[in-house]
Amino acid sequence: MKSRKGSRVNRREFVSTASAIGAAMFIPAARGVAAERPAILGGKPVRAGGFPAWPQVTEADVQAVLGVVRSGQWYRSRFVPKFEEVYAELNQAKFCIATASGTTALYCSLGALGVGPGDEVIIPPYTFMATLTVVLQHYALPVFVDSDRETFLMDPAKLEAAITDRTAAIIPVHIGGNVCDMDRILAIAQKHNIPVIGDACQAHLAEWRGKSVGSWGTTGCYSFQLSKNLCSGEGGAILTNDEEMADKCFGFHNCARKRVPGSSFVYRVGRNTNARMTEFQAALLLTQMEGIKERAQLRSSNAEYLSSMLREIPGIYPARMYEGCTRNAYHLYMFRFVSDEFGGLSRTQFLRALRAEGVPASAGYSPLNKEQFLLDALNSRGYVRVYGQETIRSWPERNQCPENDKLCEEGIWLAQNVLLASREDMELIAKAVAKIRAHAGEIAKV
Ligand SMILES: Cc1ncc(COP(=O)(O)O)c(C=O)c1O
């Protein structure tokens with residue numbers, strides 16, 4: 001297959017279809033889409049039936065959990081340490097601390113660094129609210145760095161300008177499993193001596209320059225909540241290569257206890273909490289890890305195939321990857337939908353038409369830096385006392401993210417389980433998009 005500019009068509013018979021708004025398209029399975037009625041206009045959906053279910057439950061999972069129930073050892077003892085060992089190895093990291101959730105993994109990482117009132121923590125605006133929640137939990141001031149619209153990730157070119165003498169941590173988020181530009185982010189962080197806490201909650205097995213994203217920076221934090229590519233309902237993990245940081249994170253997450261029982265090393269954590277993982281979660285994670293690499297490979301090859309087709313459709317822009325991203329986890333398949341290039345069809349209409357074709361899709365995040373809960377938190381008694389009226393008053397102005405605002409109007413997601421379907425299904429998804437575009441004018445009127 002060739003790009004929009006290309007002409008050679010080899011693997012399969014490609015056809016061009018004049019769309020209702022005049023653009024030619026070259027995608028497999030799109031034969032005659034101009035003549036086919038979109039499902040939303042009463043035609044036949046491209047796909048009937050659901051996509052692969054998630055989670056994938058096996059008999060081994062059932063036996064593992066039953067085994068823990070029967071043993072009566074439900075508290076951190078056998079499976080949690082085993083999981084920590086296996087997960088560290090899987091990610092080429094020296095240390096792993098299993099936690100109750102991704103949120104607590106991030107919370108404990110910041111806690112271990114001593115982040116507190118008066119500090120600033122840099123985060124991106126295109127992320128799940130937990131990345132922000134943990135900053136607020138420590139009464140630190142969130143500072144947003146705008147998104148790079150092409151990648152959906154923190155724009156590394158805008159990072160340095162956000163650093164002040166109060167910056168205590170930077171949290172790059174590998175959203176959807178796409179990997180932040182770690183070369184540039186780490187170089188800036190090192191120059192200013194600021195720790196980097198990677199939010200890899202959506203980035204299981206994602207890699208930067210051939211190494212797990214979790215093994216770059218000060219810590220890498222994962223979530224095993226139900227929707228994630230590795231899941232146990234709830235759960236999380238902190239990875240680090242720094243032994244002192246491992247001790248501090250362990251102490252913070254486990255009521256100031258020592259990581260290695262009986263060791264001479266005693267880390268005196270001040271604040272701490274209970275964010276321990278249970279044995280049930282760890283046992284389930286160990287069995288769920290079976291086949292994780294194969295599933296990651298399947299998602300990657302399907303996503304790449306889908307991108308090769310969607311890139312041919314004007315107005316559809318699959319998330320670009322930075323050059324150093326050697327593996328995208330594809331927790332989400334993300335693309336931008338540009339309404340102007342779809343004859344003015346709105347994103348809401350597009351999504352409705354896509355779902356009618358049997359393709360589940362959603363609109364993604366709205367701007368986190370503008371959420372009311374955040375503004376309420378910043379205007380709370382404690383924040384105003386710590387930071388002063390003027391800092392809080394000027395905060396929205398200082399934290400504008402215009403590129404992210406546009407991204408939030410354009411973003412579209414397919415969930416990771418969609419990528420576990422067949423290669424032919426990827427063609428049907430592309431066909432559905434082509435069909436919608438070919439009839440965009442008519443769909444816009446319904
Ligand atoms: C980017 C990101 N960060 C943090 C979290 C928090 O993880 P958890 O739900 O396990 O607390 C999530 C979970 O959805 C996430 O997607």
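Indexing begins at 1, ligand by ligand and atom by atom, following the structure's order. Because the structure is predicted, anything quoted here is derived from the model rather than measured.
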Subject >> Close side-chain approach of K258 and D247, heavy atoms under 4.5 Å >> reply: no

Subject >> Between F83 and Y87, ring centroids under 6.0 Å >> reply: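 Yes; Y87 has its ring centre under 6.0 Å from that of F83.
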
Original post:
In terms of side-chain heavy atoms, does T151 have a donor or acceptor partner in Y322 at a distance below 3.5 Å?
Top reply: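 A donor-acceptor contact under 3.5 Å links the two side chains.
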
Output block, N or O contacts of ligand 1, threshold 3.5 Å exclusive:
| unit_1 | atom_1 | unit_2 | atom_2 | d |
| --- | --- | --- | --- | --- |
| ligand 1 | 3 (N) | D199 | OD1 | 3.2 |
| ligand 1 | 3 (N) | D199 | OD2 | 2.8 |
| ligand 1 | 7 (O) | S223 | OG | 3.4 |
| ligand 1 | 10 (O) | G102 | N | 2.8 |
| ligand 1 | 10 (O) | S223 | OG | 2.6 |
| ligand 1 | 11 (O) | G102 | N | 3.4 |
| ligand 1 | 11 (O) | T103 | N | 2.9 |
| ligand 1 | 11 (O) | T103 | OG1 | 2.5 |
| ligand 1 | 14 (O) | K228 | NZ | 2.6 |
| ligand 1 | 16 (O) | Q202 | NE2 | 2.8 |

Original post:
Can you name the residues that form a ring pair (Phe, Tyr, Trp, His ring centres under 6.0 Å) with W74, not counting sequence neighbours?
Top reply: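 Partners of W74 under the ring pair (Phe, Tyr, Trp, His ring centres under 6.0 Å) test: F280.
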
**OP:** Looking only at non-hydrogen atoms, find the nearest pair between I123 and P142 and report the distance.
**Re:** CD1-CB, 4.2 Å

Original post:
With a cut-off of 6.0 Å (strictly less than), are more than 12 heavy atoms of other residues, nucleotides or ligands near CD of E290?
Top reply: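 Counting other residues, nucleotides and ligands, CD of E290 stays at 12 neighbours or fewer.
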
